[in-house]
There are 2 protein chains.
Amino acid sequence: MTEQLVFEKMERDPLHERVHRELRAAIIAARFEPGQKLTVRAISSAFGVSTMPVRAAFARLAAEKAVTALANGTISIPLLTREQFDELIELRMLLEGIATEKAARVISGEEIEALQQIAGELHEAAQANDADAYLRLNQQFKFTVFKAARAPALEDLIERLWLQIGPFMRHYAADIRGQLDTDRYDAVIAALRRADGRTARAAMEEDVAGGAAFLKRVAVFAETSAEPPAGK
Amino acid sequence: MTEQLVFEKMERDPLHERVHRELRAAIIAARFEPGQKLTVRAISSAFGVSTMPVRAAFARLAAEKAVTALANGTISIPLLTREQFDELIELRMLLEGIATEKAARVISGEEIEALQQIAGELHEAAQANDADAYLRLNQQFKFTVFKAARAPALEDLIERLWLQIGPFMRHYAADIRGQLDTDRYDAVIAALRRADGRTARAAMEEDVAGGAAFLKRVAVFAETSAEPPAGK
DNA sequence: TAAGCTATTTTGTGATCACTAATCTAGTCA
DNA sequence: TGACTAGATTAGTGATCACAAAATAGCTTA
């Protein structure tokens, strides 16, 4: 019998996935102007690839609603109205709250360890006023909790909401000094540790609400949903 | 000044959208075997088009999780485990309930009229034991309610859940005689008419739960999530 | 100067070709 | 007879070409 050779995962990584990942990251990091139009050829030449991977990535991003497909097929960076923003926040509070409550019942010790670790780094980022790191760690913390809920479909819905609201996150970087409150993370961890779902949920909801309130003050919104997206 | 000519909407309908629409309908109607692999070339020759529109449609469907993308990029019809099914149902009850409660506050007279009309046809379909028509009308009824909630992001999440659970709906057709209860629709309409969100929500949740209970008896599930999907 | 028309460019869309890596199929050897 | 292997097939992925419609720029005209 041939010996069992265990290799690292094959790292299959097609171009269209790489393009998708990078575009997605760029959108969340708000490296595009809201309302800006993205053309296949421009992006493909920027990546140094043909149009094919970009077209595939666009199709995926549009289905995820990370970008908006105009009526004529043009892709543009989403622009949110206040109403749309409010609805997304309301849904995030609901679903993230539920996920946190679920997590409290089934989270493992290792996962709580990981949360503790991230919370420590969050504290450092807050003291250093490093908004970028703070946002990244905040996302990491939250999705560690959501993953601990063992509810993949729920996690998927939450991720979808994050994608849609992502472009607005950059407004955090504007002026956030002193706004960074890391106590809530400790509260979440403490509640999760004693399986107190109710309290953990409340803390998580408060975090979403607080962030949203800040964003609503500094973000710029669309007057009205000017050009409705195409297709169904 | 040239006279204002008003034309019907331009009906721009690219091939890849048509393919997407048809494939999506076929999946929901369960015209594919769960687990079945779909190849780009097979589908494209079946539609009589090149591979391009099919590739675009596949990318969209995969992002919508209406199909599963295997690790090597192959597209296959989703197979649900009992746990996955239960989670989707739980989320549907939650979100559809909330949407119904919202609708109760803002639904218009015309929309209630439309619901009444659909409920009438549902009654006929039930008496005729026409499962196909019943399912179609049931979907139409529900999404009329959801649309009335004026919460597009919420409606979008619900639609996503329907897409994932869609392939299982065909098991309804198996043996559903006498199971078709149209009273609930009247109850929903009555509650909506008097803006009684609580009652409307309860009736809608009951409908989801009832349908799910029936499906769990007759549907076939995957033993385990055999091959996990690729990408993120 | 501003509005309207035309020509050019750009863009999305679809088809076709090429390449590599799985996958399946025989065929062979122990 | 069963397992391994080499050849053939089929798969996804990427690039390039072609075309029509939309957007833009530039020119003309009132």
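Every chain is numbered from 1, with letters handed out A, B, ... down the list of sequences. Predicted model only: the values in this text are computed from it and were never measured.
A:Tyr185 meets the ring-ring contact (aromatic ring centres under 6.0 Å, His included) test with A:Phe141; sequence neighbours excluded. Listed by chain and residue number, A:Phe85, A:Phe168 satisfy the ring-ring contact (aromatic ring centres under 6.0 Å, His included) test with A:Phe221 (two or more places apart in sequence, or in another chain). Among residues two or more places apart in sequence or in another chain, the side-chain contact (heavy atoms from CB on, under 4.5 Å) test is passed with A:Pro152 by B:Glu87. Under the side-chain contact (heavy atoms from CB on, under 4.5 Å) criterion, A:Lys37 pairs with A:Leu70, A:Thr74, A:Ser76, not counting sequence neighbours.
Spacing between atom CD1 of B:Ile43 and atom P of D:dA11 amounts to 11 Å, rounded to whole angstrom units. Regarding B:Gln36, its CD atom lies at a distance of 13 Å from the P atom of D:dA11, rounded to whole Å. The nearest whole Å value for the distance from the NZ atom in B:Lys37 to the P atom in D:dT10 is 15 Å. Note: CZ (B:Phe58) to C1' (D:dA11) measures 12 Å, nearest angstrom. Between the CG atom of A:Leu70 and the P atom of C:dG12 there is a distance of 10 Å, rounded to whole Å.
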Can you give me every donor-acceptor pair (side chain of residues 40-52 of chain B, partner residue at least two apart or in another chain, under 3.5 Å) with its distance?
from	atom 1	to	atom 2	distance (Å)
B:Ser44	OG	B:Val40	O	3.1
B:Ser44	OG	B:Arg41	O	2.9
B:Ser45	OG	B:Ala42	O	3.1
B:Ser50	OG	B:Met52	N	3.2

Chi angles and distances behind the side-chain contact (heavy atoms from CB on, under 4.5 Å) call for B:Val67, B:Leu23: CA-CA 10 Å; B:Val67 299; B:Leu23 280 181; over 6 Å; no
Nucleic acid footprint by protein, nucleotides 13-21 of chain C - heavy-atom cut-off 4.0 Å, B for base, S for sugar-phosphate alone: BBBB-B---
